[in-house]
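What follows is a set of notes on a single structure, which appears directly below.
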Amino acid sequence: MASFISYTLLVLILGAQLTRRSFLIRRRWLIFTAAVIAIGALETYYISAQYRLWLASDLTKYFLPPYRDFGYFSFYVLKRFLAPYLISLPIALIVSFLLFWFNRRFNFRFFYPEEPFLAAAAVFLVSYPAFLFYFPLLILLILIISIFLSWRRRPRRLSFRYLWVPTALFVIIISNWLAGFDWWRLLAV
């Protein structure tokens with residue numbers, strides 16, 4: 001369900017990016033904030049549903065207080081629900097900060113104003129471990145496009161602007177397929 005919410009949010013962001021560019025420029029902070037709030041609300045619902053489910057069962061109620069300390073349940077929900085997003089949140093913030101810093105350092109030549117927010121939202125919504133696949137794929141795509149354009153003798157500056165979100169959508173789609181591999185399961189928390 002979390003991947004469905006991430007997918008839906010990314011489709012909405014892409015739609016806004018393609019049709020309402022002025023909205024993204026004026027309210028670019030809303031992109032990342034809405035993603036964090038939506039995933040936070042969904043994960044809160046999952047945690048409360050898990051607690052109620054365990055409380056209702058004669059067997060699993062012994063995993064909850066007063067039979068056990070709250071640490072067991074906290075560790076379970078941290079590992080099961082929150083960890084992928086708690087790992088991707090600081091990475092998304094670091095990516096956003098680096099894009100801001102790099103862009104400011106070079107006089108706003110490389111990225112459009114909304115790109116750090118698009119990148120942060122994409123990294124956060126892709127979550128861990130999928131963002132480990134997201135970054136190389138993004139670089140590979142921009143490299144392929146650059147080679148194609150230079151081959152066609154149309155040199156021009158390329159932007160990641162329309163690649164952040166579609167690449168994230170692609171990674172979310174194939175992450176279900178990648179989850180079947182042993183090496184992917186080793187990466188998962």
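Clustering ILVMFWY residues whenever any of their side-chain heavy atoms sit less than 4.5 angstrom apart, transitively, puts L140 in a cluster other than the one holding Y134. In the hydrophobic clustering of ILVMFWY residues, with side-chain heavy atoms under 4.5 Å counting as a link, L89 and L132 come out together. Put simply, L53 and Y45 are part of two different groups of oily side chains (I, L, V, M, F, W, Y) that touch within less than 4.5 Å, one to the next. Both I173 and W177 belong to a common hydrophobic cluster when Ile, Leu, Val, Met, Phe, Trp and Tyr are linked at side-chain heavy-atom distances under 4.5 angstrom. Using a 4.5 Å cut-off between side-chain heavy atoms of Ile, Leu, Val, Met, Phe, Trp and Tyr, with links allowed through other members, I37 and F81 fall into different hydrophobic clusters.
Of all heavy-atom pairs spanning S88 and V123, the tightest one is CB-O, 3.8 Å. Nearest approach of L118 to Q17, heavy atoms of both residues: CD1-NE2, 3.5 Å. Pairing each heavy atom of A120 with each of A92, the nearest pair is O-CB, 3.3 Å. The shortest non-hydrogen separation linking I172 to S175 is O-OG, 2.8 Å. In terms of heavy-atom proximity, P116 sits nearest to S96 at O-OG, 3.5 Å.
Between the CG atom of N103 and the CZ atom of F106 there is a distance of 10.0 Å, given to the nearest 0.5 Å. We find the CG-CG distance between L10 and L125 to be 4.5 Å, quoted to the nearest 0.5 Å. Separating the CG atom in L141 from the CG atom in L137 is a distance of 4.5 Å, to the nearest 0.5 Å. Separation of atoms OH (Y76) and OH (Y51) is listed at 15.0 Å; rounding is to 0.5 Å. Between the OG1 atom of T167 and the OH atom of Y162 there is a distance of 14.0 Å, given to the nearest 0.5 Å. One finds the OH atom of Y7 at 11.0 Å from the CG atom of L12 (value rounded to the nearest 0.5 Å).
No option in F124, F100, Y112 other than F100 meets the ring-ring contact (aromatic ring centres under 6.0 Å, His included) test with F117.
When the shell of 6.0 Å around CZ of F70 is examined, it contains more than 12 heavy atoms from other residues, nucleotides or ligands.
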### Task
Mind running side chain to side chain contact (heavy atoms under 4.5 Å, CB included) on L86 and L78 for me, showing each step along the way?
CA-CA 9 Å; L86 288 178; L78 176 70; 3.4 Å; yes

### Query
How far apart are the C-alpha atoms of I91 and F135, what are their side-chain angles, what is the distance that settles it, and do they pass the side chain to side chain contact (heavy atoms under 4.5 Å, CB included) test?
CA-CA 11 Å; I91 300 299; F135 290 120; 4.3 Å; yes

### Message
The test is side chain to side chain contact (heavy atoms under 4.5 Å, CB included); show your working for F110 and F160 and say whether it passes.
### Response
CA-CA 9 Å; F110 295 110; F160 287 90; over 6 Å; no

### Task
Go through the steps for I47 and L82 under the test side chain to side chain contact (heavy atoms under 4.5 Å, CB included), then give the verdict.
CA-CA 9 Å; I47 291 167; L82 298 176; 3.9 Å; yes

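Using a 4.5 Å heavy-atom threshold, the side chains of V171 and L138 count as separate. Residues E114 and R161 form a side-chain contact, since some pair of their non-hydrogen atoms from C-beta on lies under 4.5 Å apart. The closest side-chain heavy-atom distance from Y85 to V36 is not below 4.5 Å.
Residues forming a side chain to side chain donor-acceptor pair (under 3.5 Å) with S48 (at least two apart in sequence, or on another chain): none.
Aromatic pair F131/Y128: ring centres closer than 6.0 Å.
Using a 30° and 60° split on the angle between ring planes, F73 and W54 fall in the perpendicular class, above 60°.
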